[in-house]
Amino acid sequence: MSISAKWLNKVKWDEVGLVPVIAQEVGSNDVLMFAWMNREALARTVEIGQAVYWSRSRKKLWHKGEESGHFQKVHEIRLDCDEDVVLLKVEQVAGIACHTGRHSCFFQKFEGSADSGEWVTVEAVLKDLPPGAGGGPVTAAAAEPAAKPKRVRKTIPKPVDSDKTPS
C-alpha cells in the first residue's frame with residue numbers, strides 16, 4: 001500500500017505530519033488509549049488490520065503489541081468531522097492496552113473539587129509488564145513498581161422476593 005494513496009490526503013495532518021488517534025474497544029466502547037499516527041502508520045494499519053502508531057519518543061513506527069503481545073485488531077477506522085482526529089475501533093488482545101498492565105491508559109479519575117481534588121487510580125493492574133513493554137517508554141518511573149490501586153468492595157443487597165412473607 002502506498003503512503004501517497006488518495007484517501008490519506010483527506011486527513012488533516014499537523015505541521016509535523018501526525019494525526020491524533022483514539023483507540024476505542026469494540027463492544028464495551030471503553031477508550032483504551034491515545035496515540036499518534038503518520039501517513040505510513042495509518043496506511044500500515046489498514047494494510048495489516050492491526051494498530052500501528054508513530055512513537056514520538058522513539059521516532060519510529062510502533063506496531064502495538066510488538067513487545068507485549070497485546071495487539072489491537074482493527075475493526076473500524078473513522079475520521080472526525082474536522083478530519084483531524086482518527087478513531088480506531090479495536091479488539092484489544094488479552095485485554096491490556098496500557099504499558100502499565102491495565103485495560104485502559106485512562107485509569108486515573110479526578111475526584112473532589114477544584115480546590116482539593118486529586119487523581120485516584122480506579123483500574124487494577126491486570127498484569128505486570130516489563131519496562132517499555134506495550135509501547136510505553138522506558139523511564140525512571142517505569143523502573144519503580146507501580147502502586148497498587150485501592151480495592152473497593154461493593155456489597156450488593158440480595159433481592160427481596162415480594163411474593164413471600166417472612167416467617
Side-chain angles (χ1 to χ4, degrees), residues 11 13-14 18-38 40-114 116-156:
V11 177
W13 306 96
D14 72 8
L18 300 176
V19 66
V21 182
I22 299 165
Q24 182 180 37
E25 188 173 43
V26 168
S28 72
N29 288 327
D30 287 349
V31 174
L32 299 177
M33 57 180 279
F34 170 86
W36 296 90
M37 283 184 173
N38 63 6
E40 185 179 1
L42 185 53
R44 186 84 176 120
T45 295
V46 170
E47 184 179 354
I48 68 171
Q50 293 184 347
V52 177
Y53 300 105
W54 175 257
S55 171
R56 294 181 306 160
S57 60
R58 298 177 192 170
K59 297 186 179 9
K60 69 175 192 167
L61 290 182
W62 159 43
H63 184 177
K64 174 72 172 145
E66 64 191 7
E67 294 176 18
S68 67
H70 301 131
F71 296 95
Q72 291 177 339
K73 181 179 176 187
V74 177
H75 286 255
E76 191 174 319
I77 303 174
R78 294 187 179 210
L79 187 60
D80 82 326
C81 58
D82 293 325
E83 301 173 344
D84 62 357
V85 177
V86 171
L87 173 69
L88 298 182
K89 294 201 173 201
V90 302
E91 175 186 333
Q92 181 62 58
V93 174
I96 297 173
C98 185
H99 72 278
T100 65
R102 291 178 172 86
H103 176 64
S104 168
C105 293
F106 297 94
F107 59 85
Q108 298 177 80
K109 178 181 172 187
F110 181 80
E111 292 186 356
S113 67
S116 63
E118 63 180 326
W119 294 100
V120 178
T121 298
V122 294
E123 196 171 300
V125 172
L126 301 177
K127 180 180 179 183
D128 289 326
L129 300 176
V138 178
T139 63
E144 309 254 338
K148 296 286 183 188
K150 297 177 192 173
R151 294 191 177 249
V152 178
R153 183 176 295 245
K154 293 183 180 179
T155 306
I156 300 171

Checklist entry - If you take all heavy atoms of Trp62 and Met33, which pair is closest and at what distance? => result CH2-CE, 3.7 Å
Next on the checklist: Does Val90 form a side chain to side chain contact (heavy atoms under 4.5 Å, CB included) with Lys64? I'd like the steps, not just the answer.
Outcome noted: CA-CA 11 Å; Val90 302; Lys64 174 72 172 145; over 6 Å; no
Item to check | Partners passing ring pair (Phe, Tyr, Trp, His ring centres under 6.0 Å) against Trp54 (at least two apart in sequence or in another chain) | outcome: none
Item to check | Contacts of Gln50 that satisfy side chain to side chain donor-acceptor pair (under 3.5 Å) - sequence neighbours left out | outcome: His63
Checklist entry - Applying salt bridge (Lys or Arg N to Asp or Glu O under 4.0 Å), which residue pairs with at least one partner in residues 71-82 are found, sequence neighbours left out? => result Glu76-Arg78
Item to check | Separation of Glu123 CD from Gln108 CD (nearest 0.5 Å) | outcome: 10.5 Å
Checklist entry - What residues, two or more places apart in sequence or in another chain, satisfy salt bridge (Lys or Arg N to Asp or Glu O under 4.0 Å) together with Glu91? => result none
Checklist outcome for this item: One should read off an interatomic distance between Cys98 SG and Gln92 CD, to the nearest 0.5 angstrom, of 10.0 Å
Checklist entry - Between atom CD of Gln72 and atom CD of Gln24, what is the distance when rounded to the nearest 0.5 Å? => result 12.0 Å
Checklist entry - Who passes side-chain contact (heavy atoms from CB on, under 4.5 Å) against Leu126, sequence neighbours left out? => result Ile96, His103
Checklist entry - By ring pair (Phe, Tyr, Trp, His ring centres under 6.0 Å), which residues pair with Trp13, not counting sequence neighbours? => result none
Checklist entry - Any side-chain heavy atom of Ile22 sitting closer than 4.5 Å to one from Leu88? => result no
Checklist entry - Is there side-chain contact between Val125 and Thr100, with at least one heavy-atom pair below 4.5 Å? => result no
Checklist outcome for this item: All heavy atoms of Ala23 vs all of Tyr53, minimum pair found to be CB-OH, 3.6 Å
Checklist entry - Quick one: OG on Ser55 to CG on Asn38, what's the gap to the nearest 0.5 Å? => result 11.0 Å
Checklist outcome for this item: Between the CG atom in Leu18 and the CG atom in Asp84, the distance rounded to the nearest 0.5 Å is 13.0 Å
Next on the checklist: Return the OG1 to CG distance between Thr45 and Leu61, rounded to the nearest 0.5 Å.
Outcome noted: 8.5 Å
Checklist entry - Any side-chain heavy atom of Leu129 sitting closer than 4.5 Å to one from His70? => result yes
